[in-house]
Amino acid sequence: MTPVQRIGFGYDVHRLVRGRKLILGGVDIPHETGLEGHSDADVLLHAIADALLGAAALGDIGRHFPDTDPRYTGISSLILLRHVSDLLTQHRCTVVNVDATVVMEAPRISPHVDLMRQNIADALRIAITQVSIKATTSEGLGFVGVREGAVAHAVALITMR
């Protein structure tokens, strides 16, 4: 069978709240607010997981890890991403690359990007050179601009055998 390349897109959004850790790309980033959610609410890893699942036509993160299931309460999204990697392997899929953008006003995440990339590469069993993470702001516009939430977008390319 000839390998086929497929692209997936992922998007996630979470509200910023006091009393939660800010976890992005599996990194605990010091900040006065964190992301609200059932798991650790890692908006970046959730978008990447959805991009990969979409590329393989395996549904979405909510299908595999429903927020109604107590097993996922507070779980590290790195564990969820590793499970997505296992699903891809079971379906004879190989990750070619992942490219993601985090949109939030603060804090600056650039000092943490290399560790995020390594965490993602490790979870997906790929090289760090196959993972790109970027950050931007919304220039003060919308719910992100007034620091009520964070957004992540991701695209992934996979090969199916």
Side-chain angles (χ1 to χ4, degrees), residues 1-14 20-31 34-67 69 71-104 107-137 144 149-161:
M1 179 177 190
T2 305
V4 175
Q5 290 190 321
R6 295 179 56 163
I7 298 170
F9 173 76
Y11 168 88
D12 197 34
V13 59
H14 284 275
R20 290 273 302 200
K21 289 184 176 187
L22 178 59
I23 309 293
L24 290 171
V27 178
D28 186 345
I29 299 173
H31 194 56
L35 296 168
E36 183 177 52
H38 185 69
S39 65
D40 62 5
D42 190 326
V43 69
L44 174 60
L45 296 186
H46 294 179
I48 291 170
D50 266 346
L52 292 164
L53 290 166
L58 294 174
D60 64 18
I61 195 169
R63 174 179 163 202
H64 294 277
F65 315 107
D67 62 7
D69 190 330
R71 292 180 298 167
Y72 305 120
T73 303
I75 195 169
S76 167
S77 294
L78 284 170
I79 293 170
L80 304 181
L81 190 60
R82 175 61 68 123
H83 181 71
V84 168
S85 178
D86 292 342
L87 284 171
L88 292 173
T89 299
Q90 291 168 18
H91 287 86
R92 302 184 54 144
C93 299
T94 303
V95 177
V96 176
N97 77 299
V98 172
D99 182 29
T101 302
V102 176
V103 187
M104 61 189 305
R108 291 185 50 81
I109 68 166
S110 56
H112 309 282
V113 165
D114 287 340
L115 182 53
M116 291 177 195
R117 290 176 64 220
Q118 189 62 62
N119 287 344
I120 294 162
D122 290 347
L124 296 175
R125 299 174 189 97
I126 60 176
I128 193 171
T129 56
Q130 293 171 268
V131 179
S132 174
I133 305 297
K134 303 172 303 297
T136 191
T137 69
V144 172
V151 171
H153 302 270
V155 292
L157 178 64
I158 65 169
T159 300
M160 299 180 77
R161 302 180 301 285

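FYI, side chains are in, hydrogens and waters are out, and symmetry mates aren't considered; it's all heavy atoms of this structure. If you're wondering where the values come from, they're calculated on a predicted model, not measured in any experiment.
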Flag the pair [X] / [Y] as yes when at least one side-chain heavy-atom distance between them is below 4.5 Å, and no otherwise.
| X | Y | value |
| --- | --- | --- |
| Leu157 | Gln5 | yes |
| Val43 | Met104 | no |
| Leu44 | Ile120 | yes |
| Phe65 | Ile79 | no |

[X] side chain vs [Y] backbone, donor-acceptor pair below 3.5 Å:
| X | Y | value |
| --- | --- | --- |
| Arg92 | Met160 | no |
| Arg6 | Ile158 | no |
| Ser85 | Leu81 | no |

Step through the shown structure and confirm whether more than 12 heavy atoms of other residues, nucleotides or ligands are within 6.0 Å of [atom1] on [X].
| X | atom1 | value |
| --- | --- | --- |
| Lys21 | NZ | no |
| Ile7 | CD1 | no |
| Arg108 | CZ | no |

[X] side, atom [atom1]; [Y] side, atom [atom2] - distance, nearest 0.5 Å:
| X | Y | atom1 | atom2 | result |
| --- | --- | --- | --- | --- |
| Cys93 | Leu88 | SG | CG | 5.5 Å |
| Glu36 | Arg20 | CD | CZ | 7.0 Å |
| Lys134 | Ser110 | NZ | OG | 14.0 Å |
| Leu22 | Asp28 | CG | CG | 7.5 Å |
| Leu124 | Arg82 | CG | CZ | 8.0 Å |
| Ile75 | His83 | CD1 | NE2 | 10.0 Å |

Practice problem: Carefully, step by step, assess Asp122 and Gln118 under the rule side chain to side chain donor-acceptor pair (under 3.5 Å). | Solution: CA-CA 6 Å; Asp122 290 347; Gln118 189 62 62; 2.8 Å; yes
Quiz item: Applying the side-chain hydrogen bond (donor to acceptor under 3.5 Å, both in side chains) test to His38, which of Asp67, Thr73, Asp69 qualifies?
Solution: Thr73
Practice problem: Apply salt bridge (Lys or Arg N to Asp or Glu O under 4.0 Å) to Arg117 and Asp114, showing your working. | Solution: CA-CA 5 Å; Arg117 290 176 64 220; Asp114 287 340; 3.7 Å; yes
Closest approach of [X] and [Y], non-hydrogen atoms and distance?
| X | Y | result |
| --- | --- | --- |
| His64 | Leu58 | NE2-O, 2.6 Å |
| Pro107 | Ile29 | CG-CG2, 3.8 Å |
| Gly26 | Leu78 | CA-CD1, 3.7 Å |

Exercise. Check Leu35, Ile133, Asp40 against Leu24 for a side chain to side chain contact (heavy atoms under 4.5 Å, CB included) and give me the one that passes.
Key: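 When side chain to side chain contact (heavy atoms under 4.5 Å, CB included) is applied between Leu24 and each of Leu35, Ile133, Asp40, only Leu35 qualifies.
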Less than 3.5 Å apart, which donor and acceptor atoms pair up between the side chains of residues 45-54 and the rest of the protein, not counting sequence neighbours?
unit_1: His46; atom_1: ND1; unit_2: Asp12; atom_2: OD2; d: 3.0
unit_1: His46; atom_1: ND1; unit_2: His14; atom_2: NE2; d: 3.3
unit_1: His46; atom_1: NE2; unit_2: Ser39; atom_2: OG; d: 3.3
unit_1: His46; atom_1: NE2; unit_2: Ser77; atom_2: OG; d: 2.8
unit_1: Asp50; atom_1: OD1; unit_2: Ile61; atom_2: N; d: 2.6

